[in-house]
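These notes are about the structure you will find just below.
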Amino acid sequence: MNHYTLDARNSLCPLPVIKTQNKVAELQAGDVLEVTCTDPGALSDIPAWCRINGHLVMRAEENDEEVIIVIQVAY
Amino acid sequence: MSTQRKAVALISGGLDSLLAAKLMLDQGIHVEGINFYTGFCVEGHTHAIRKQDKDKPKRNNALWSAEQLGIKLHIIDIIDEYKDVLINPKHGYGANMNPCLDCKIFMVGKARQWMEENGFDFIVTGEVVGQRPMSQRKNLLPVVVRESGALDRLVRPLCAKNLATTLPEREGWIDRDKLKDFSGRSRKPQMALAAAFGFEEYATPAGGCCFLTDKNYSDKLLDLWQARNSKDYEIDDIILLKVGRHLRPQPHYKLIISREDGENKFLKGYKKQFASIEIESHNGPLTLLDGELSDEDFLFAARIAARFSQGRDADKVTVKITRNIGEEQMLDIVPMPSSEIKKEWYV
């Protein structure tokens, strides 16, 4: 299991989802990906994309400036 | 035991594509969704930026539709490929800069390519005969079939009974009797079908899903092309057309002035790419400057920017001009009176 990060800041919906989707396609089952976004829409869209595709959302949080979502790639 | 057939459905996030995919699922077809991102999709962009829209839902409707249907959704970035569709539309534009027929042909063609690469059997769209003036006229639906290369593997479940039979119907993969015969602009049949399926919430049918159908947006795009003397764009260009007030006092530069805190915050992300003006002595907007400006132009632009700050009526306003990162200049200027800001500057 490896930990990866993805910078999707200053991208607007659905680009953070597309970037996440493309990054996850390169990873192995069990790998963890931490995505950082500035579009608050990512807080609903990336978890929705994960639910559709069976990936686990380990953490999703928003502060004043950024949204951080941590995903574990489905087995 | 027969093989389960597989269809790729174009999912826009609207009601029609939701219903079309649902009709296929109910016939035992394995359906996966595909959604193309051109850069001009309305979705939640403006809501995501503007603070006053903070409480509006920011969900992506295509993802939401897929979740309602319980299907996978593949979102595909076609920003670069789409440029040729927009710049050179074989079938021309609609009322604004919307190349709807070429767009539909392109997207169905991309779905055909995806279908072939992924071992799927046919394509599903939510098109309805006569629903839209440009891309869904009865005489134009066969153009999409032909020019996309989808041919008889393109199924339009909502209006299939008004059209010629397709391969999936002839082969018995799907039952034509269970398809629909919707036509025209009325949304009532779709709403009744949605109710029958138990879909109580869905994206509003009116309003469109593409900025290119919007006159104001199209005007800004034309202005951009004219100013650059080139019909080209990057993703940041087309996103910035959705943000702020755009004023072009001279052909060689324009101001992008934020309208509120959310836009201010968003435009800050572009300060590395553009020269900017910030109001230091009063609350006010962040202004990006697109173009090559002389010293005199910077001063003129700063006076315009100050006009949109809370110092608009002050004798002087202090502004910070950043030409490049690290190259900052503080200036005291007199805000431009509103009477001197010409209507024709507004793009």
Side-chain angles (χ1 to χ4, degrees), chain A residues 4-29 31 33-75, chain B residues 11-13 32-51 53-79 209 211 235-236 238-240 242-243 261-262 265-273:
Chain A
Y4 297 87
T5 58
L6 175 65
D7 184 353
R9 288 177 293 185
N10 296 320
S11 295
L12 291 177
C13 171
L15 283 174
V17 180
I18 295 173
K19 288 177 179 176
T20 302
Q21 172 188 264
N22 295 348
K23 184 67 182 177
V24 165
E26 299 169 4
L27 304 184
Q28 303 295 315
D31 284 346
L33 178 65
E34 181 173 326
V35 189
T36 307
C37 312
T38 43
D39 180 351
L43 202 58
S44 61
D45 292 348
I46 292 178
W49 179 84
C50 288
R51 286 193 297 274
I52 288 168
N53 291 283
H55 305 301
L56 177 68
V57 178
M58 300 170 73
R59 186 158 58 91
E61 61 190 29
E62 182 179 18
N63 58 36
D64 281 349
E65 301 290 328
E66 292 176 346
V67 169
I68 295 172
I69 297 155
V70 183
I71 300 163
Q72 184 170 43
V73 178
Y75 283 96
Chain B
I11 300 290
S12 66
E32 293 189 18
I34 196 166
N35 174 264
F36 295 110
Y37 180 61
T38 63
F40 297 101
C41 312
V42 173
E43 279 303 336
H45 277 174
T46 313
H47 295 168
I49 297 166
R50 299 195 73 177
K51 196 174 178 182
D53 292 340
K54 203 172 71 171
D55 297 330
K56 291 188 179 170
K58 294 178 182 66
R59 73 176 185 211
N60 177 295
N61 285 314
L63 280 168
W64 183 84
S65 292
E67 206 168 2
Q68 299 306 301
L69 293 163
I71 64 171
K72 285 190 174 179
L73 180 73
H74 309 274
I75 307 181
I76 301 184
D77 171 354
I78 55 166
I79 293 166
C209 59
F211 270 109
I235 182 68
D236 283 338
I238 59 179
I239 284 178
L240 283 172
K242 303 167 191 170
V243 186
D261 281 354
K265 193 170 152 188
F266 182 76
L267 291 181
K268 272 184 188 167
Y270 287 90
K271 279 182 66 181
K272 286 182 184 168
Q273 292 163 249

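Numbers restart at 1 for each chain; the letters A, B, ... are given by sequence-line order, proteins then strands.
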The reported gap from NZ in B/K265 to OG1 in A/T38 (rounded to nearest 0.5 angstrom) is 8.5 Å
Between the side chain of A/Q21 and the main-chain N/O of B/I75, is any donor-acceptor distance below 3.5 Å? yes
Residues B/L73 and A/W49: closest non-hydrogen pair is O-NE1, 4.1 Å
Separation between OG (A/S11) and CD1 (B/I239), nearest 0.5 Å, reads 7.5 Å
Minimal heavy-atom distance between B/I71 and A/I52, with the atoms involved, is O-CG2, 3.1 Å
Separation between SG (A/C50) and CG (B/L63), nearest 0.5 Å, reads 10.0 Å
Nearest heavy-atom contact between B/N60 and A/D45 is N-OD1, 2.8 Å
Rounded to the nearest 0.5 Å, the CG atom of B/N35 sits from the CD1 atom of A/I18 at a distance of 7.5 Å
When rounded to the nearest 0.5 Å, the distance separating CG of A/N10 from CZ of B/F266 is 7.0 Å
**A/Q28 atom CD, neighbour heavy-atom count above 12 within 6.0 Å** = no
Within the structure provided, determine whether A/L15 and B/I79 are in side-chain contact (heavy-atom separation under 4.5 Å).
yes
